[in-house]
Each structure stands twice: as C-alpha cells, then as structure tokens.
Amino acid sequence: MADWHRVAAEAELKPETPLGIRIGDVQVAVVRLADGIFAINDVCTHEFALLSEGFCEDGKLECPLHQACFDIRTGRALSEPAEMDVATYPTKVENGAVFVQV
C-alpha cells in the first residue's frame with residue numbers, strides 16, 4: 001500500500017504554479033487549480049524533462065523541453081510529441097498541510 005507524504009503547506013501553493021518535489025525515487029508535480037490540488041508524475045513521457053519547470057494554464061501543464069501538454073487532473077497526454085500519459089497521485093489536505101499518496 002502506498003504511503004501519504006506531506007509535501008507543502010496549503011498556503012504555499014499558488015494557483016497554477018507547479019511545485020516539483022521528490023518522494024523517494026518518484027518526481028512529483030503538485031498543482032493547485034480552482035477545483036482542488038492535484039499531483040502528477042513530474043517527468044515528461046516523451047523525453048526527460050521536469051514538467052514542474054514548464055508552463056501551467058487552464059489545467060494543462062506544458063513540458064519546457066518540447067511543449068508537450070498534459071492534463072493535470074488526469075495525467076493524459078494532450079499533445080505531441082508526448083504519446084503516453086503520466087501517472088497521477090491522490091492528494092489530501094489536513095490541518096493546512098498538503099499530502100500526496102505515492
């Protein structure tokens with residue numbers, strides 16, 4: 001079973017500003033959207049690049065290397081050159097702290 005990991009204070013997450021973190025061996029991008037806080041794998045499936053270093057708008061995260069876009073809520077690859085989705089991870093907020101389950 002996956003464990004919950006505290007990743008940030010809720011107040012630290014600015015809207016549509018990705019926070020890149022490492023949980024064990026997993027790179028995770030955490031993003032606050034209008035409808036919640038979401039976590040996806042931070043590594044582009046096209047070529048190694050951290051998605052958290054890319055541009056975020058309208059619930060999409062754009063890879064800084066080749067501009068592939070991913071849906072932050074579902075991890076779905078939305079544009080080429082990425083063809084594979086990224087993993088998503090459950091999130092929760094407790095007492096002002098954000099947790100991700102990896």
So Val102 and Val28, do their side chains get closer than 4.5 Å, heavy atoms only? yes
Hey, can you pull the donor-acceptor pairs under 3.5 Å for the side chains in residues 50-57, sequence neighbours left out?
from  : atom 1 : to    : atom 2 : distance (Å)
Ser52 : OG     : Asp42 : OD1    : 3.3
Ser52 : OG     : Asp42 : OD2    : 2.8

Would you compute the distance between atom OG1 of Thr91 and atom CZ of Phe38 and round it to the nearest 0.5 angstrom? 7.0 Å
If I compare all heavy atoms of Ala82 with all of Thr45, which pair ends up nearest, and what's the gap? CB-OG1, 3.9 Å
What pair of heavy atoms forms the shortest contact from Ala77 to Met84, and how long is it? CB-O, 3.5 Å
With the 4.5 Å side-chain cut-off for hydrophobic clustering, are Ile37 and Leu19 part of the same group? yes
Enumerate the side chain to side chain donor-acceptor pair (under 3.5 Å) contacts for residues 7-28, please, sequence neighbours excluded, ordered by first and then second residue. Arg22-Gln27
Tell me which pairs pass salt bridge (Lys or Arg N to Asp or Glu O under 4.0 Å) where either residue lies in residues 84-93, with sequence neighbours left out. Lys92-Glu94
Distance in Å, Ile40 CD1 paired with Ile72 CD1, rounded so as to fall on 0.5 Å steps: 6.0 Å
Distance-only, no hydrogens or angles: does the Asp58 side chain make a donor-acceptor pair with backbone N or O of Lys60 under 3.5 Å? no
Any residue meeting salt bridge (charged side-chain N to carboxylate O under 4.0 Å, His left out) with Asp35, in chain and number order, not counting sequence neighbours: Arg73
Which heavy atom of Ala9 sits nearest a heavy atom of Val98, and at what distance? C-CG2, 4.3 Å
For Asn41 and Val43, the nearest pair of non-hydrogen atoms, with its separation, is OD1-N, 2.9 Å
Answer yes or no: is there a side-chain heavy-atom contact under 4.5 Å between Ile23 and Val7? yes
Ile21 reachable from Leu13 in the ILVMFWY side-chain graph, under 4.5 Å edges: yes
Trp4 vs Val100, test: side chain to side chain contact (heavy atoms under 4.5 Å, CB included). Steps then yes/no. CA-CA 5 Å; Trp4 288 98; Val100 175; 5.6 Å; no
By salt bridge (charged side-chain N to carboxylate O under 4.0 Å, His left out), which residues pair with Glu80, not counting sequence neighbours? none
Same apolar cluster: Val86 and Val31, side chain cutoff 4.5 Å: yes
Who else is in the cluster with Leu78 when I, L, V, M, F, W and Y are joined by side-chain contacts under 4.5 Å? none
Can you tell me which residue pairs pass the ring pair (Phe, Tyr, Trp, His ring centres under 6.0 Å) test with a partner in residues 64-88, sequence neighbours excluded? His46-His66
Give me each pair satisfying ring pair (Phe, Tyr, Trp, His ring centres under 6.0 Å) with a member in residues 82-102, each pair once, sequence neighbours excluded. none
Mind listing the closest non-hydrogen atom pair of Ser79 and Gln67 along with its distance? OG-O, 3.7 Å
